[in-house]
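This structure is a prediction, so every number in the text was calculated from the model and none was measured.
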Amino acid sequence: MNANLQFDFLVDKENNTITVKREFQAKRQLVWDCYTKSELLDQWFAPKPFTTKTKTMDFREGGCWHYAMIDPEGTEYWGRLDYQTIRPIENYTALDGFSDATGEVNPAMPRSKWDVTFEEKAGHSLVHTVIAYNTLKDLETVIQMGMKEGLTSTLERLDELLLTFK
């Protein structure tokens, strides 16, 4: 990651949220596409050394993205993102959760609401993500699971992918 680009990871235990602000050296439209098109998500949306594969993608309000993160041994960790609102190139909200291979959300694992906003910033893009959990316990669970480290690695992969478009 370019050290001159903004990266903030803020945990708010009073409101059960994580706020991530991340700047990218790319135009907003390209960054939006990387977040909303499965063929691009599959190239970056997992921390190293994991890979991602999309089972289904229906990017519309009421649609969902069902995907797996796959470790080097081939074990699949399934997730599901249910899109609630979409304002193209500006913002989307979605419910994120762990699931099984059929797309059934795992109620034993934390589920969160993602509010993702895309802004132009002097020729770059700033993605502002607020991840809200129902309880402090849920927030602490994902932090203990390595959310900061995993998200940092994942966003570095997006940096690498964006460089291929120059």
Side-chain angles (χ1 to χ4, degrees), residues 1-3 5-11 13 16-26 30-59 63-84 92-116 118 125 127-165:
M1 179 183 139
N2 181 333
L5 297 177
Q6 180 177 353
F7 178 49
D8 301 319
F9 186 96
L10 308 168
V11 176
K13 290 187 175 187
N16 304 325
T17 61
I18 297 171
T19 299
V20 180
K21 292 182 181 179
R22 183 65 154 73
E23 188 177 0
F24 297 97
Q25 285 184 299
L30 178 57
V31 176
W32 170 266
D33 288 347
C34 286
Y35 271 77
T36 62
K37 295 183 177 181
S38 61
E39 64 273 14
L40 295 171
L41 282 161
D42 285 351
Q43 296 180 57
W44 71 273
F45 195 81
K48 287 182 181 179
F50 287 71
T51 58
T52 302
K53 76 172 181 184
T54 294
K55 186 167 185 178
T56 60
M57 172 65 131
D58 184 10
F59 185 68
C64 78
W65 178 41
H66 182 214
Y67 63 96
M69 291 186 192
I70 307 162
D71 72 19
E73 290 77 42
T75 304
E76 297 176 339
Y77 301 89
W78 289 91
R80 179 180 168 133
L81 197 66
D82 291 285
Y83 298 106
Q84 297 180 309
Y92 70 82
T93 61
L95 290 177
D96 179 58
F98 296 90
S99 73
D100 62 18
T102 70
E104 188 71 29
V105 173
N106 181 346
M109 296 296 290
R111 195 151 196 218
S112 56
K113 181 174 182 177
W114 287 54
D115 187 344
V116 187
F118 301 78
S125 298
V127 180
H128 181 204
T129 306
V130 178
I131 308 164
Y133 292 89
N134 290 329
T135 66
L136 178 59
K137 181 177 185 263
D138 287 350
L139 173 65
E140 290 176 338
T141 296
V142 297
I143 290 169
Q144 290 170 358
M145 290 172 68
M147 177 74 151
K148 181 176 183 180
E149 298 79 10
L151 197 53
T152 299
S153 176
T154 298
L155 295 174
E156 287 171 354
R157 291 182 85 167
L158 178 53
D159 277 330
E160 294 167 8
L161 176 62
L162 291 168
L163 287 174
T164 69
F165 291 101

> Could you give the distance from CZ (Phe165) to CG (Asp33), rounded to the nearest 0.5 Å?
Replying inline: 8.5 Å
> Taking C-beta and beyond as the side chain, do Thr164 and Gln43 meet within less than 4.5 Å on heavy atoms?
Replying inline: no
>> Apply side-chain contact (heavy atoms from CB on, under 4.5 Å) to residues Leu155 and Val20 and explain how you reach the verdict.
In response: CA-CA 11 Å; Leu155 295 174; Val20 180; 4.2 Å; yes
>> A side-chain contact here means heavy atoms from C-beta on lying under 4.5 Å apart; do Leu151 and Arg22 qualify?
In response: no
> Would Trp32 and Tyr92 satisfy side-chain contact (heavy atoms from CB on, under 4.5 Å), going step by step from the backbone distance to the final call?
Replying inline: CA-CA 10 Å; Trp32 170 266; Tyr92 70 82; 4.0 Å; yes
>> Would you compute the distance between atom OG1 of Thr51 and atom CG of Asp42 and round it to the nearest 0.5 angstrom?
In response: 9.0 Å
> Are Tyr35 and Trp114 close enough that their ring centers fall under 6.0 Å?
Replying inline: no
> Rounded to the nearest 0.5 Å, what separation is found between the CZ atom of Arg111 and the CG atom of Asp82?
Replying inline: 5.0 Å
>> Counting the benzene-type ring for Trp, do Tyr83 and Phe59 have ring centres under 6.0 Å apart?
In response: yes
> Does Ser112 reach the main-chain N or O of Ile131 with its side chain, forming a donor-acceptor pair under 3.5 Å?
Replying inline: no
>> Once you measure the plane-to-plane angle for Trp78 and His66, does it fall in the parallel (<30°), tilted (30-60°) or perpendicular (>60°) bin?
In response: tilted
>> Tell me if a side-chain donor or acceptor on Ser153 pairs with a main-chain N or O of Gly150 at a distance below 3.5 Å.
In response: no
>> As an exercise, state the distance from CH2 of Trp65 to OG1 of Thr54, rounded to the nearest 0.5 Å.
In response: 5.5 Å
> Can you check whether Gln6's main-chain N or O pairs, donor with acceptor, with Glu23's side chain at less than 3.5 Å?
Replying inline: yes
>> Please check if the number of heavy atoms outside Lys55 that lie under 6.0 Å from its NZ is greater than 12.
In response: yes
> Do Tyr67 and Leu41 touch side chain to side chain, with heavy atoms closer than 4.5 Å?
Replying inline: no
> Does any non-hydrogen side-chain atom of Val11 lie less than 4.5 Å from one of Met147?
Replying inline: no
>> Please report the interatomic distance CG(Asp138) to CD1(Ile143), rounded to the nearest 0.5 Å.
In response: 11.0 Å
> Are Leu162 and Val31 side-chain neighbours, meaning at least one heavy-atom pair lies under 4.5 Å?
Replying inline: yes
> Does the side-chain contact (heavy atoms from CB on, under 4.5 Å) test come out yes or no for Leu139 and Ile18, once each step is laid out?
Replying inline: CA-CA 8 Å; Leu139 173 65; Ile18 297 171; 3.5 Å; yes
>> Quick one: does any side-chain atom of Arg80 pair with a main-chain N or O of Val105 as donor and acceptor, under 3.5 Å?
In response: no
> Is the shortest distance from a Lys or Arg side-chain nitrogen in Lys113 or Asp115 to a carboxylate oxygen in the other one below 4.0 Å?
Replying inline: no
> Could you walk me through whether Asp159 and Trp44 pass the side-chain contact (heavy atoms from CB on, under 4.5 Å) check?
Replying inline: CA-CA 9 Å; Asp159 277 330; Trp44 71 273; over 6 Å; no
> Salt bridge check: are Lys48 and Glu156 linked by an N-O gap of less than 4.0 Å?
Replying inline: no
>> Nearest 0.5 angstrom please: Glu39 CD to Cys34 SG, how far?
In response: 9.5 Å
>> Taking the side chain as everything from C-beta on, heavy atoms only, tell me whether Lys37 gets closer than 4.5 Å to Met57.
In response: no
>> Quick one, Leu158 and Phe24 - any side-chain contact, counting heavy atoms below 4.5 Å?
In response: yes
> Between Val116 and Val127, is any pair of side-chain heavy atoms under 4.5 Å apart?
Replying inline: yes
> How close do Ala94 and Leu81 get, heavy atom to heavy atom, and via which atoms?
Replying inline: CB-CG, 3.7 Å
> Looking only at heavy atoms, which two atoms of Val130 and His128 are closest? And how far apart?
Replying inline: CG2-NE2, 4.0 Å
>> Treating Asn16 as the side-chain partner and Leu136 as the backbone partner, does any N or O pair qualify as donor plus acceptor under 3.5 Å?
In response: yes
